[in-house]
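Step one of this worksheet: look at the structure below.
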Amino acid sequence: MTSKKLNLPGPKARAILERDAATISPSYPREYPFVMDHGHSAEVWDVDGNRFLDFAAGIAVCSTGHSHPAVVKAIQEQAEKFIHISSDFYHEKWVQLGEKLDQIAPFKEDAQCFMANSGSEAVEAAIKLARYHSGRHRFIGFHGAFHGRTMGALAFTASKAVQRRGFHPMPGVTHAPFPNPYRPRLAFDPTQGDYGDACVDYIENVIFTYECPPEDVAAVLVEPIQGEGGYVVPPDSFFPRLRKLCDKYGILLIVDEVQAGMGRTGKMFAIQHWHTEPDIVCMAKGIASGMPLGAMVARKSLMVWPPGAHGNTYGGNPLSCAAALATIRLLEEGLIANAAQTGQHTLDALEEIAARHPSIGQVRGKGLMIGVEFVTNKQTKERAPHVREKVIHHAFERGLLVLGCGRNTVRVTPPLTISPAEIDEGLAIFEEALTEAEQEAQLA
Ligand code: PMP
């Protein structure tokens, strides 16, 4: 059955888009005009009554689906008691969330947690703590990384030049190549290790030797799977080797799980796929099903900063904490397992689609964090950003929300509540959109 093309944007959506253009900053990178009215699990409706399947989940945020009843109830119950008290005071849900994060943190040592409002702020807190604890002032980041847009986080973000252009990001961060096995940029000798090893060797043999003395480096900040940079999964060698490098020079390993974390990859934290213990973990997005919450969770022994060294107004916001506790419960009670199983189903189905289509260069990912990279030719791997754009738009016209990442990749990041039947429905639309895009690009 082929899907019907919707006439988008509809009249109500168009009216809101006009008002939006008048008063909302033009800096938001909107991909297409979806104007939300309501949602349920992995389905959403726009203001004109059109139904869409949601393979975007609010940029990998709505882990428990839209308005999961248990999350709604937790927020409602908390809202009736109190909405805010400020981080100068105490409340139990905040402590409960700290206890839960200590329990699930991907390292053996006890954890302490700093609560923030977003991923960027969790990253800022991690940068500050690493500097404070180590007394060192430099950092290693990675090309293709995204860690946020506040000035500290932006110094690390390097997934698209537009994110940095005109802002003169702060100094102190040296970027290394992130190991993308599909597109290795460094020459390496495969008899001496794989591309993951090669990227760690580059940090030690080039960056530490010529540019940045390791004893000045406070921390390495890295995403376990690069998100905005294109859903890049590193080789298995990478994280164990990076951990060893950090240990050798007394450098902290900060893992940014903002996009990959909270069950999306089929484990609570993506770094757990590589049995590597970080020193600090940044979380946000999926942690509270869409309520604004970030958390910087560190080994307790690192939290040497005194009262007043770092804080905020909304940290530990009661509604966000209530939503996070309900979210993590749902993740542990089945959604992480669903992400693993339904994720594998999705990867397998996408591999089948890739075999039928000339423009899919690679399908990659873990759990429900999946990237589909488009090329003009599977042998030359020439990037096909124009095909990617058309796929996204044609999918939207047919009732499927997907987002891009990197230069020529589409990400598939549905709510973790999604069923295999909904995946199949969405992928059928995806393939129709792809067929149309390939015809237009004369690739079919
Ligand atoms: N880190 C990663 C890995 C992200 O993907 C993002 C957001 N895309 C951020 C940090 C920043 O999060 P926020 O937009 O909540 O500030």
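Both ligands and their constituent atoms are indexed starting at 1 by order of listing. A quick note: this is a predicted structure, and the numbers were derived from the prediction, not measured.
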Task: Criterion salt bridge (charged side-chain N to carboxylate O under 4.0 Å, His left out) against E277, the qualifying member of K244, R243, K108 - done: K108
Open item on the list: Taking R241 first and then D236, would you say they form a salt bridge - that is, a charged N and a carboxylate O separated by under 4.0 Å?
Closed with: no
Open item on the list: Keeping K381 on the side-chain end and V375 on the backbone end, is there a donor-acceptor pair under 3.5 Å?
Closed with: no
Task: Ring centers of H310, Y132 separated by less than 6.0 Å - done: no
TODO: Can you sort out the partners of A322 under side chain to side chain contact (heavy atoms under 4.5 Å, CB included), two or more places apart, ordered by chain and number?
DONE: A74, Q78, K93
- [ ] Specify whether H143 and H175 have parallel, tilted or perpendicular ring planes, treating 30° as the upper limit for parallel and 60° as the lower limit for perpendicular.
- [x] parallel
Open item on the list: Counting only heavy atoms and a distance below 4.0 Å, can you name the residues contacting ligand 1?
Closed with: S118, G119, S120, F146, H147, G148, E223, E228, D256, V258, Q259, K285
